Amino acid sequence: MNALIFRMAKDGVAPVESRPDPEKLVKGDPVHTSWDFEERDGLYAGLWQSTPGAWRFHYEEWEYIRVHEGRAVLTCDDGTVMDLKAGDTVVIRPGLSGVWEVFETMLKDYVIRV
């Protein structure tokens with residue numbers, strides 16, 4: 001495999017499981033699984049999956065997201081509500097806060113710039 005180009009696919013990458021911090025949990029018991037492909041110089045990229053549930057979030061970084069499957073709703077503290085479903089592409093900028101609720105297990109790819 002060429003180190004300068006690669007496909008972001010789960011094959012051959014060890015998944016990392018986590019859950020939201022208990023103090024941020026709003027509903028359910030969501031399990032987050034990530035397949036991390038890039039972690040260097042403040043840039044992170046990979047695949048992320050979550051089972052249904054809801055938790056509070058606050059972004060201190062910039063993130064590009066492309067949803068592959070599932071459905072979630074971001075309800076932002078400023079009143080903005082964004083429905084995310086397969087095929088959607090969004091950019092989240094630092095400072096965004098609110099509640100992230102997954103209704104159908106979601107798989108997205110991400111690129112984060114710190």
Side-chain angles (χ1 to χ4, degrees):
M1 178 166 119
N2 185 324
L4 299 179
I5 187 170
F6 60 91
R7 293 188 190 279
M8 290 199 319
K10 296 177 188 178
D11 301 340
V13 177
V16 177
E17 262 191 23
S18 64
R19 286 182 159 79
D21 293 332
E23 65 273 3
K24 294 180 181 178
L25 189 62
V26 173
K27 179 173 30 172
D29 184 24
V31 176
H32 300 164
T33 306
S34 63
W35 294 265
D36 303 317
F37 299 97
E38 189 77 43
E39 293 185 22
R40 64 177 164 158
D41 302 324
L43 182 73
Y44 303 86
L47 295 167
W48 177 88
Q49 179 176 285
S50 178
T51 60
W55 60 93
R56 289 211 44 84
F57 68 84
H58 175 76
Y59 275 80
E60 295 182 7
E61 64 281 339
W62 177 97
E63 181 175 5
Y64 163 89
I65 295 169
R66 185 170 143 262
V67 180
H68 293 270
E69 56 191 50
R71 181 173 167 266
V73 172
L74 276 63
T75 303
C76 306
D77 290 342
D78 70 0
T80 302
V81 176
M82 184 169 286
D83 190 23
L84 299 175
K85 62 190 179 324
D88 286 345
T89 303
V90 298
V91 171
I92 297 174
R93 293 189 173 117
L96 187 69
S97 296
V99 173
W100 186 302
E101 185 167 5
V102 173
F103 292 94
E104 299 168 12
T105 297
M106 171 179 262
L107 176 66
K108 67 173 184 163
D109 59 34
Y110 67 87
V111 177
I112 296 172
R113 184 70 170 162
V114 179

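Just so we're clear, the structure is a prediction, and the values are computed from it rather than from any experiment.
- In this structure, Lys24 fails the cation-pi test against Trp55, since its NZ or CZ atom is not both closer than 6.0 Å to the six-membered ring centre and inside 45 degrees of the ring normal.
- Under a hydrophobic clustering in which Ile, Leu, Val, Met, Phe, Trp and Tyr are joined whenever their side-chain heavy atoms come within less than 4.5 Å, directly or via other members, Phe57 and Val73 fall into different clusters.
- The two residues Glu104 and Val102 come nearest to each other via the heavy atoms O-CG1, 3.3 Å.
- Side-chain contact between Trp35 and Leu107 is present, with at least one heavy-atom pair separated by less than 4.5 Å.
- Cluster annotation: Leu43 and Tyr59 are assigned to distinct hydrophobic clusters (Ile/Leu/Val/Met/Phe/Trp/Tyr, side-chain heavy-atom contacts under 4.5 Å, transitive).
- Connection of Trp48 to Leu74 is established within a shared hydrophobic cluster, with ILVMFWY side chains joined at heavy-atom distances below 4.5 Å, either directly or through further cluster members.
- In summary, Arg56 and Asp77 engage in a salt bridge, as defined by a charged side-chain N under 4.0 Å from a carboxylate O.
- Remark: the backbone N or O of Met106 is not paired with any side-chain donor or acceptor of Ser50 at under 3.5 angstrom.
- Here the CD atom belonging to Glu39 is positioned 9.5 Å from the CD1 atom belonging to Ile112, to the nearest 0.5 angstrom.
- In this structure, the separation between NE2 on His68 and NZ on Lys108 is 10.5 Å, given to the nearest 0.5 Å.
- In terms of modelled atom types and a separation under 3.5 Å, the side chain of Asp21 and the main chain of Glu23 share no donor-acceptor contact.
- A heavy-atom distance below 4.5 Å is not found between the side chains of Pro15 and Leu47.
- One hydrophobic cluster, built from ILVMFWY side chains closer than 4.5 Å, holds both Val90 and Tyr110.
- By the 4.5 Å heavy-atom criterion applied to side chains, Trp62 and Val91 are counted as neighbours.
- We find the CG-CD1 distance between Asp88 and Ile65 to be 10.5 Å, quoted to the nearest 0.5 Å.
- Counted within 6.0 Å of CE on Met8, heavy atoms from surrounding residues, nucleotides or ligands total more than 12; the atom is thus considered enclosed.
- Side-chain contact between Arg71 and Asp83 is present, with at least one heavy-atom pair separated by less than 4.5 Å.
- Residues Met82 and Val67 are members of one and the same hydrophobic cluster, defined by side-chain heavy-atom contacts under 4.5 angstrom among Ile, Leu, Val, Met, Phe, Trp and Tyr.
- Proximity of Phe103 to Leu84: side-chain heavy atoms (C-beta onward) are nowhere separated by under 4.5 Å.
- Aromatic ring centroids of Trp100 and His32 lie 6.0 Å or more apart.
- Interatomic distance, Leu96 CG to Asp78 CG, rounded to the nearest 0.5 Å: 7.0 Å.
- The nearest pair of heavy atoms linking Lys27 to Glu101 is NZ-OE2, 2.6 Å.
- The two residues Val13 and Ala9 have their closest heavy-atom pair at CG2-O, 4.0 Å.
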